[in-house]
Amino acid sequence: MSSSPRPQPMPSGVDVAQVHHDSPGLMLAAAAVGHGVVDVEPLAPRRARRGKRAPVTLFTLSALLALWVLSPIAFTVMRATTFSLADLSDLLFRPLVGELLSNTVLIVVTATFASAVIGTGAAWFVERTRLPGRRFWAVLVAVPLAVPPFISSYAWVSLSLDLQDFTGALLVITCSYYPLVYLPVAAALRGMDPALEESARSLGCGPWAVFLRVIVPQLRPALLGGMLLVALGVLSEFGAFTLLRFRTFTTEIYAEYRTTFDGAGASVFATVLIVICLVLIAAEFRVRGRARYDGTGKGTLRAPVIYELGWRRVPVLGGFIALAAATLGVPLGMILFWLTQHGAAAITPAEVSLSRVFGATIASLGLGAAAAVVATVFAIPLAILLTRYPGRLATLFERAVYLAQGVPGIVVALAVVSLAVRALQPLYQSWELLVLAYALLFLPFALVNVRAALTQAQPRLEETARALGLGWFGTLARVVVPLAGPGLGAAAAMVFISVITELTTTLLLVPIGTHTLATEVWADTSTLAFAAAAPYAALLVGLSLAATWLLIVLFGRSAVLGANV
C-alpha cells in the first residue's frame, strides 16, 4: 500500500529570490554580499514554534521599530495633504512636472531593462559556459556594486562634459546597478536542476528553445526581484543625476527644499515618488505571480550543464573586457588621472589640504560605524521575533521595515528634516539625528543579515540556557549574540558600506561645518573641480571596497558556522 510522500524540508542554499523575493531589502543584502544564497531552517520547526507567545518586551520593541520606520512616510503624506485641491492642481499640472515625470519614467524603464539584459547575459556566460577565467570574471562583474553611482558619474563627467544628458545618465546608472540583476540570477543558475534542460533537449528542443522555454521561466523570481531593485534604485538616485544635469523627481525635490525650506511642495513631489515606488512593487508582485519555483525532487543536486562557446569565445570575452573597462576602468582610471593633476590641470581644482581630507575621512568613518552599531542593535528584537516567534504580526512588522527600502532616501531625509524642525528641535543639525536617519534608511540591510544569522543558530541552545536559569536578556547576551556574531558583523558591515557612500541624507542633515567624503566629492564635482574631488573619491572607493571584502568574509564565516551548528 502506497503512502503519500512526506513534505521535505527546504534544502540549504535556497536562492534568496525563491525564499523572499518580494522583499527588496533581502535581495539587495544578498546581492551586495555577493553570496546570493542564504540558509533556510526547515519548515517543520518553524511551525512547531508558531504557537509560542513572544515576550511582551520583545513584541513592543518590534512594534515601535515598525512605527518608527513608517513615521517619515506618514509625515510626508500628511504634509502633502495640507495643500488644497486647487493648489495641488497648480503645482502638479505644469510643464515642468510633465518633464520630470517623463524623464523619471524613461530613465527607470531603460536602465532597468538594460541592467536586466547585461546582468542576465553576464550571469549566463559566467555560470553556464566555459568562459576563460570564469572565477575571475565572477568577482569582477560584481565589484561595481561597491562603487557609488555618483563616483561613476564624477569619473564620466570629468572624462567628457558631453555626457551630461540622458545618454550619460543611462550609461552611468546601468554600469552601477546591473550587478543587482547579475548576482541573484547567477545564484539561481547555480541552483537550477539540469534534469529539466536534459529532458527538453531529449524532446528535440534546441539551445535557444531550452533557454527561453525552460531556463528563463525558472529565473523569473530572481530576474524580476533584481529588476525591481534596479528600478527602485534608479527612482531614488540623486547624486549621479545631479552631477549629470539630468532632472528627475529626486533632483527637483532637493531643489524645492533648498528654495522653500520645510515647504510642503517638496512633500507633494515626495508623495508622487512614494506612489510610483508602490506601483513598481505591486507590478513586480503581479508579474511574478504566485507560481512556485522550488524543487520537489529528492537526492543530491547535480552540477549544471556547462556549454562550449566555440567561435563565440572571442566576442564574449571582448564584451566582458568592455564591461569591466566601463564599470571599473573609467572610474578608477579617472580618479588616478586627477590625483596626478595639480595647478596645470585643465580644470583648476580647489585647494585641498590634508587636514580637510583627514577630517572628512574621520567623519565618514565615525558616522558609518555609529550607524552600523545602531541599525544592528535595532534589528535584533525584530529578527528574534521573526525567527523564534513567527506569526502574522511579526511578518507585518517585517514588511513595514522593508517598505522603507522601497522609498527613496530623499523622501525619508526630507521628512526627518521637517520632523526635527517641528518636534525635535534640539536634535536638528546634530550627529545623533543623522545617525538615527541612517539607521532608519538602512535598517532592512541589518535586519536581513541578523535574521539569517539567528536562523542558523540552534534554538535548543537558548532553551537550555533558559532552563539553567538565565533570563531573556542573559540568554541574548551570552548565547544568541556569540552564536550570531559573524552575521551581526556582516549586518554592521552592510550598513557601514551604505552609510559612507550615502549622499542625499547627508546633504540634508549633516551638521554645519561637518564634511564627509561623499559631500566633498559632490561639492567639488558640482563646481567642476575634478582634481580637488579626486582624493576624496579615491578614499571613498577604497573604504567601500575594503568594507565589501570584509562583508564577504563575515558572511562566508557565518554560513560555515551555521552549517557546523
Side-chain angles (χ1 to χ4, degrees), residues 13 15-17 30-37 114-147 151-152 155-156 171-172 174-192 194 197 207-208 210-211 215-216 218-219 222-223 226 230 301-336 497 541-542 544-557 559-560:
D15 176 17
V16 73
V33 169
H35 206 275
V37 294
S115 298
V117 172
I118 295 175
T120 304
W124 172 259
F125 287 117
V126 167
E127 298 295 334
R128 305 301 294 275
T129 69
R130 297 195 185 279
L131 177 71
R134 286 174 57 196
R135 293 185 178 180
F136 171 76
W137 291 114
V139 175
L140 199 64
V141 172
V143 168
L145 199 64
V147 180
I151 294 293
S152 297
W156 282 99
L171 173 64
V172 170
T174 303
C175 289
S176 298
Y177 283 103
Y178 82 87
L180 296 181
V181 175
Y182 162 76
L183 287 164
V185 169
L189 287 171
R190 284 195 298 271
M192 197 174 294
E197 302 171 48
W208 277 107
V210 172
F211 181 78
I215 295 175
V216 171
Q218 295 184 82
L219 292 179
L223 179 59
V230 174
L301 187 65
R302 293 183 291 118
V305 178
I306 304 298
Y307 295 90
E308 297 289 344
L309 284 175
W311 64 267
R312 304 175 187 85
R313 176 178 299 184
V314 174
V316 169
L317 194 58
F320 272 89
I321 294 174
L323 183 63
T327 57
L328 293 174
V330 170
L332 299 182
M334 292 308 299
I335 290 174
L336 182 62
I497 295 170
V541 171
S544 180
L545 291 174
T548 301
W549 173 81
L550 177 62
L551 178 61
I552 295 173
V553 170
L554 289 172
F555 195 90
R557 186 179 301 172
V560 170

Looking only at atom types and distance, does a side-chain atom of [X] sit under 3.5 Å from a main-chain N or O of [Y], one as donor and one as acceptor?
| X | Y | result |
| --- | --- | --- |
| Trp124 | Thr129 | no |
| Arg134 | Glu127 | yes |
| Ser544 | Ala146 | yes |

Taking C-beta and beyond as the side chain, do [X] and [Y] meet within less than 4.5 Å on heavy atoms?
| X | Y | answer |
| --- | --- | --- |
| Ser152 | Ser176 | yes |
| Leu317 | Leu309 | no |
| Leu223 | Thr120 | yes |
| Val126 | Leu189 | no |

Measure the [atom1]-[atom2] distance between [X] and [Y] for me, rounded to the nearest 0.5 Å.
| X | Y | atom1 | atom2 | result |
| --- | --- | --- | --- | --- |
| Leu140 | Leu323 | CG | CG | 8.5 Å |
| Arg130 | Arg313 | CZ | CZ | 9.5 Å |
| Leu332 | Leu545 | CG | CG | 7.5 Å |

- Message: Quick test of your reading: applying side chain to side chain donor-acceptor pair (under 3.5 Å), list the pairs with at least one residue in residues 177-187, sequence neighbours left out, ordered by first then second residue.
- Response: Tyr177-Glu237

Do you know the tightest heavy-atom contact between [X] and [Y]?
| X | Y | result |
| --- | --- | --- |
| Pro179 | Pro184 | O-CD, 4.2 Å |
| Ala326 | Cys175 | CB-SG, 4.0 Å |
| Leu131 | Phe125 | CB-O, 3.7 Å |
| Val230 | Ser115 | CG1-OG, 3.8 Å |

- Task: For the residue pair Trp137 and Phe320, categorise the inter-ring angle as parallel (less than 30°), tilted (30 to 60°) or perpendicular (more than 60°).
- Result: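 Taking Phe320 first and then Trp137, their aromatic rings sit tilted (interplane angle of 30° to 60°).
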
